[in-house]
Amino acid sequence: MISSISERITQIRASLPPSVRLIAVTKQMPTEVIRAAYAAGIRDFGENRIQEAATKQGELQDLPGITWHFIGHLQTNKAKKALEQFDWIHSVDNLKLAQRLDQLAPQLGVNPQVCLQVKILPDPNKSGWTVPELLADLPALNQCKSLQIQGLMTIPPFGLNDAEIFYVFNSTQKLAKEITEQDWSHIKMEQLSMGMSGDYQLAVQAGATMVRLGTILFGKRT
Ligand SMILES: *Cc1c(COP(=O)(O)O)cnc(C)c1O
């Protein structure tokens, strides 16, 4: 299993443009899997549950140089833990959460890198800003000066065909461009966190800078 993980990582890495950051999503995977990925050169790991990640991070303290990415829905009452445990939060999905993180970050002495999660198409199963909601919240987000707002994150609704998925990714890229042109002082739009195992090639075509891959690297989660 360990050697096949390293082979798959090498293969996927080689298929991605060098500028695209590969986030290995290790939710529900044991720490041996994280160690195997680390040995294969991965330094960016994505987790979606605070407690599960805390346990693994405790067991992996001997591995230097890991960047931890939080990719799950974050409840405001877990904002402090998320900031303590993670370098990046890809899934900031509402203004109240952004403001809470912004308030906590200086108290904790951390410098969180964040993406704003957007819903290009309606999706009752996902959180995130709709496009009009996000555009309306930009002035308030620009006041969140302790957050390093780096870009957008999106997950297409389940069940779309390739053309529709590409539309979602491409619209996210266009939205980032539109926001960049507004020239906010504290909002950067340099990162596009989009693409999972089933759709990352479309995401890369649409300009993804970070792909979040689990199944294709590690097999099915049980
Ligand atoms: C689980 C998850 C991934 C990885 O999904 P795979 O299909 O296993 O590659 C990526 N992003 C988010 C937000 C996830 O929850």
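FYI, the numbering just counts along the sequence from 1. Note that the coordinates shown come from a computational prediction; the quantities given were computed from them, not determined experimentally. Just so you know, ligand 1 is whichever comes first in the structure, and atom 1 is the first atom listed for that ligand.
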**Q** Give the protein residues with at least one non-hydrogen atom closer than 4.0 Å to an atom of ligand 1, ordered by chain and number.
**A**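 Residue list for ligand 1: Val25, Lys27, Ile71, Ile155, Met196, Ser197, Arg212, Leu213, Gly214, Thr215, Arg221.
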**Q** So do Met153 and Arg212 actually touch side chain to side chain, heavy atoms under 4.5 Å?
**A** yes
**Q** Phe70 and ring pair (Phe, Tyr, Trp, His ring centres under 6.0 Å): which partner among Phe45, Phe86, Trp88?
**A**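 Answer after filtering Phe45, Phe86, Trp88: Phe86.
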**Q** Linking I/L/V/M/F/W/Y whenever their side-chain heavy atoms sit closer than 4.5 Å, directly or via other members, would Leu138 and Leu152 fall into one cluster?
**A** yes
**Q** Under 6.0 Å from the six-membered ring centre of Tyr38 and within 45° of its axis: does the NZ or CZ of Arg43 meet both?
**A** yes
**Q** Determine whether more than 12 heavy atoms belonging to other residues, nucleotides or ligands lie under 6.0 Å from atom NZ of Lys126.
**A**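 Result for NZ/Lys126: enclosed.
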**Q** Any side-chain heavy atom of Leu141 within less than 4.5 Å of one from Leu134?
**A**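 They are in contact (side-chain heavy atoms under 4.5 Å apart), so the answer is yes.
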